[in-house]
J.: 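Below is a structure I'd like to ask you about.
Side chains included, hydrogens not; waters and symmetry mates left out as well; all remaining heavy atoms used. Indexing begins at 1, ligand by ligand and atom by atom, following the structure's order.
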Amino acid sequence: MTSNSARELPGIFASFGEARRNGFLAVKKLKDEGRGVVGTFCTYAPVEIFMAAGLVPVGLCSTSDETVPDAEKHLPRNLCPLIKASYGFAITDKCPYMYFSDLVVGETTCDGKKKMYELLGKIKDVHVMELPQNQTRTSSKALWLSEVMRLKARVEEKFGVAISNDDIIRAIKERNLERRKLKELYELSMASPPPMTGLSQLQLLFGSQFKFDHRAKVAEIESTVLALKKVIEEKTSPVPAGAKRIMLTGCPMGGVTEKVTRAVEQSGAVVVVYENCTGAKQFDRQVPETGDPWEALAEYHLAIGCAVMTPNPNRLDLLQSLAERFKVDGVVEMTLTACQPYGVETSTIREFLAGLGVPFMSLETDYSQADLELLKTRAQAFVETLS
Ligand code: BJ8
């Protein structure tokens, strides 16, 4: 009996792991059917608006260093690799998602991204939302709500559609369902030992954004949850009992940055939860389904605890809540080279976690393979201190 769940899992993981590659064909098919595609770069993008308009939202952040040399012909070398890779894939036409995007939506998050959008605007139709960098002032809330409504108007004009309140309410419910299901999935790693490695969890979460049939995606997440529950019941976890439990925080992950999870797990620990935009930052909360849907949508997105906000108390709240819920032994932060918001916030996070008695280590990396040994050595040294 135990072999059943163990047999089913690799197939499910592979399906999500390959989702980005296979999604290219799915997007092409949708384009051929006449569907509009909107590319996004950030969790602040209110994708519900695109869903309400019957469009296909797709994440554009690139996660390999393949086109960084091309990007460096236009951009400074000491710029965050996420920005360079995303721009590099756009100018070389090597990212089909970018290629198929009718509209690209960005936000004024960090300086590097917002200046890159100006260059991107020369080759793509780019709409930039002005994101306030404070979450509580009345003026910030009013600005963001007006930006959400400006995006709605832009989408309506560009694609010749009208988005009604019923449309946006339906989209909010759909997206909330997906968030709930993914949250249910990663919360299974609250079990000890967790039913999956942190690498599998990362591939599931990252891959889920490249599946475009909403109903099929939800069904697939549900069957993954069932299979993982079986692993817990039948005690067939691939994670050894007693493995130190790590939370990952910092910049978004996926693709080449899997190397950080691998380094942690090769040291005998297990990543049980991702606080970053690949995980809980994106899925832990829901858009309220009551009240004015536009205000609810704006409030939900503005409250995302990204380091571009100042101050950024919501990241601290989420870190504390996850540390308690997942009973973590330590927190590892991944910051990308030259990322000022996360790099500068590191000391606040270190101090905050020290106050909670949670050990912390920050690792800086880029999209190359040059630091694999260094990451391994540092992760191992950190995990040893947890014993
Ligand atoms: S909500 S984390 S997806 S901004 S790593 S490009 S911040 S220099 S990615 Fe992010 Fe939205 Fe925030 Fe999430 Fe700039 Fe830093 Fe590069 Fe970054």
J.: Is it the case that more than 12 heavy atoms not belonging to Y99 sit under 6.0 Å from its OH atom?
T.: no
J.: If you measure only the distance, is there a donor-acceptor pair under 3.5 Å linking the side chains of S362 and Y342?
T.: no
J.: Please check if the number of heavy atoms outside E289 that lie under 6.0 Å from its CD is greater than 12.
T.: yes
J.: Would you mind running through ligand 1 and noting each atom that sits below 4.0 Å from a heavy atom of C42?
T.: 1 (S), 3 (S), 4 (S), 11 (Fe)
J.: State, without any angle test, whether R245 and S189 hold a side-chain donor-acceptor pair at a distance under 3.5 Å.
T.: no
J.: Can you establish whether the number of heavy atoms outside E33 located under 6.0 Å from its atom CD is more than 12?
T.: yes
J.: Do T346 and R350 have a side chain donor and acceptor closer than 3.5 Å?
T.: no
J.: Considering non-hydrogen atoms of the protein only, which is the closest contact for atom 13 (Fe) of ligand 1, and what is the distance?
T.: C277 SG, 2.3 Å
J.: Given the side-chain rings of F89 and Y97, with only the six-membered ring counted for Trp, is the space between their centroids under 6.0 Å?
T.: no
J.: State the atoms of ligand 1, each with its element, that fall below the 4.0 Å cut-off from a heavy-atom position in T43.
T.: 3 (S), 11 (Fe), 13 (Fe)
J.: Which ligand 1 atoms are under 4.0 Å away from a heavy-atom of Y44?
T.: 1 (S)
J.: May I ask you to list the protein N, O or S atoms found at less than 2.8 Å from atom 16 (Fe) of ligand 1?
T.: C80 SG
J.: Record the part of A307 in heavy-atom contact with ligand 1 below 4.0 Å; permitted values are side chain, backbone, both and neither.
T.: neither
J.: Distance to 0.1 Å, residue and atom name: give those for the protein heavy atom nearest to atom 12 (Fe) of ligand 1.
T.: C306 SG, 2.3 Å
J.: If we ignore angles and hydrogens, is there a donor and acceptor under 3.5 Å between the side chains of S368 and D366?
T.: yes
J.: Does a donor on one side chain sit under 3.5 Å from an acceptor on the other, for T43 and K281?
T.: no
